[in-house]
Amino acid sequence: MHVDLDAFYAAIEQRDHPPWRGLPVVVGAAPGTRGVVATCSYEARRYGVRSAMPIAEAVRRLPPETVYLRPRMGDYAAVSRQVMAALGDISPVVEKVSIDEAFLDLSGLAGLIGPPAAIGALTKAAIRAAVGLSASVGIGPNRLIAKLASEHRKPDGLTVVHPEQVQTFLDPLPFRVLRGVGAKTSARLDGAGVKTVADVRRLPLVELRRLLGARVGAEVHLQARGIADDRVDPARERKSISKETTFPEDVADVAVLRDAVLWAAQEVGFLARQEGRAGVVVTLKIRLRPFETHTRSRTLAVPTASDGEIFRAAWSLFDVHRWAGRSVRLIGVGLSGWAGRQGSQPDLLDAAVEPTSPRSRRLDETLDAVRRRFGDGALQRGLRPRR
DNA sequence: TCTGGGGTCCTAGGACCC
DNA sequence: TCTGGGGTCCTAGGACCC
């Protein structure tokens, strides 16, 4: 089952501010700046406004009574936690995929609650009771079908697609709804005269792979037949932390860029420490005029969550020769490559001084990986890289 | 129209190792 | 003098998603 809160940010604002109900509400960048719409209410969508649309374009389309708001992420995250807690009462296996979306594994729940439609109705009622918001729910035999089912009727929808209905459900949909089919892939399929999922299904696999590449071609071929991953993993962890800013106006002053990198490094370090993570890969991202994006990354010998170390690594990646003096639109810093599985250096060292104690296979594999990467004596020496 | 910020996953070449 | 095969890591870029 896939659960998707309707116009999440805008719906929270309308819930909390009754005068805004019934009006177009846009949450995102301030009008007059270079930024985009994050979410807008259904009243605003009637004017063709969508997520990711430049705010200037939204202002052009929307009437004067429109309410423009900056996001209150802390509040939205709190509402998200309440929603996820309510979902946890429906199924023990919940995978949060974003602030306003989750997959639930319904295996074994029919006997406890009832048929899929009853589980879906109960879920919507539970969310409404917990936070006073509407959600669209889709139920299907795998993640793809559940997600497409939740998109099928919005807002406040509930769609159940049984296994034997999958192909009938899929065939008439525009191919663009398939996961991983974005602007580039769409353009190629358009060129081949493809319009619907049924059209995709009529193309031979070899042709799809020639058109889209081996990987994407194979993936689209399977999805068009309703074949997709059906696992729900509640333990998925984030793999990177990053912070970036787009300047109000392009910046060429290296001192200003350095300050921005320092700020981003501090934010990333703070979040990493808050989550108890330390990473070895530091990435500097830069976007130049006109919208030319580069990344540079560096792998450290020892995992870090230190603002200073993150900053020094990030700033050392600033390519003075290529970028100094050029107009910079955006700059940011990322941290990834967590140490081991649980990221716990003390565990590794404990294990190293007590080699005969029973250990999990997981930890053994981690230790082996550390030895392979850093050399046999690394655990004693303190993780200095091999030459 | 002129493009945010936070992410994930994939590809591909070169280094390096066995 | 010519020259392997496989595997993994590192790095940069790109497509895509919410």
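Every chain is numbered from 1 and lettered A, B, ... according to where its sequence line falls, protein lines coming before strand lines. Side chains included, hydrogens not; waters and symmetry mates left out as well; all remaining heavy atoms used. Everything numeric here is computed off the predicted structure, so don't read it as measured data.
Dashed line: the shortest gap from a side-chain N or O of A/Lys243 to OP1 or OP2 of B/dG5 is not under 4.0 Å.
Where pairing requires Watson-Crick or G-U contacts shorter than 3.5 Å, the helical stems of DNA chain C with at least three consecutive pairs are B:5-18 with C:5-18.
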Worksheet item: Which letter, B, S or -, goes with each nucleotide of nucleotides 12-18 of chain C from 5' to 3', with contact meaning a protein heavy atom under 4.0 Å?
Response: SS-SSSS

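Taking the six-membered ring for Trp and thresholds of 30 and 60 degrees, A/Phe169 and A/His152 have ring planes more than 60 degrees apart, a perpendicular arrangement.
For the residue pair A/Ser134 / A/Asp6, a side-chain donor-acceptor distance below 3.5 Å is found, with atom types taken as modelled. Between the side chains of A/His221 and A/Gln223, no donor-acceptor pair is found at a separation under 3.5 Å.
Atom CD of A/Glu237 is separated from atom P of B/dT8 by 11 Å (rounded to the nearest Å). Straight-line distance from the CG atom of A/Leu330 to the C1' atom of B/dG6: 12 Å, rounded to whole Å. Spacing between atom CG of A/Leu335 and atom P of B/dG6 amounts to 14 Å, rounded to whole angstrom units. Regarding A/Arg287, its CZ atom lies at a distance of 16 Å from the P atom of B/dC2, rounded to whole Å. Rounded to whole Å, atom P of B/dT3 lies 12 Å from atom CZ of A/Arg289.
For A/Arg143 and A/Phe103, the positive end sits near the middle of the six-membered ring, less than 6.0 Å away and at most 45° from its axis. Annotation: cation-pi pair A/Arg273/A/Phe270 absent, no NZ/CZ under 6.0 Å from the ring centroid and within 45° of its normal.
Here the closest heavy-atom approach between residue A/Asp105 and residue A/Ser91 is recorded as O-OG, 2.7 Å.
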Return a table of donor-acceptor pairs under 3.5 angstrom between the side chains of residues 78-88 of chain A and protein atoms on other chains or two or more places apart.
unit_1	atom_1	unit_2	atom_2	d
A/Ser80	OG	A/Lys96	NZ	2.9
A/Ser80	OG	A/Ile99	O	2.7

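In this view, A/Phe175 satisfies the ring-ring contact (aromatic ring centres under 6.0 Å, His included) rule with no residue, not counting sequence neighbours.
Within 4.0 Å of A/Arg236, counting heavy atoms only, lie sugar-phosphate atoms of the nucleic acid but no base atom.
Checking B/dG6, B/dT1, B/dG4 against every side-chain atom of A/Pro54, the shortest atom distance belongs to B/dT1.
The stretch residues 244-267 of chain A touches DNA chain B through A/Glu244, A/Thr245, A/Thr246, each having a heavy atom under 4.0 angstrom from the strand. Within residues 208-234 of chain A, the residues that have a heavy atom under 4.0 Å from DNA chain B are, in order of number, A/Arg215.
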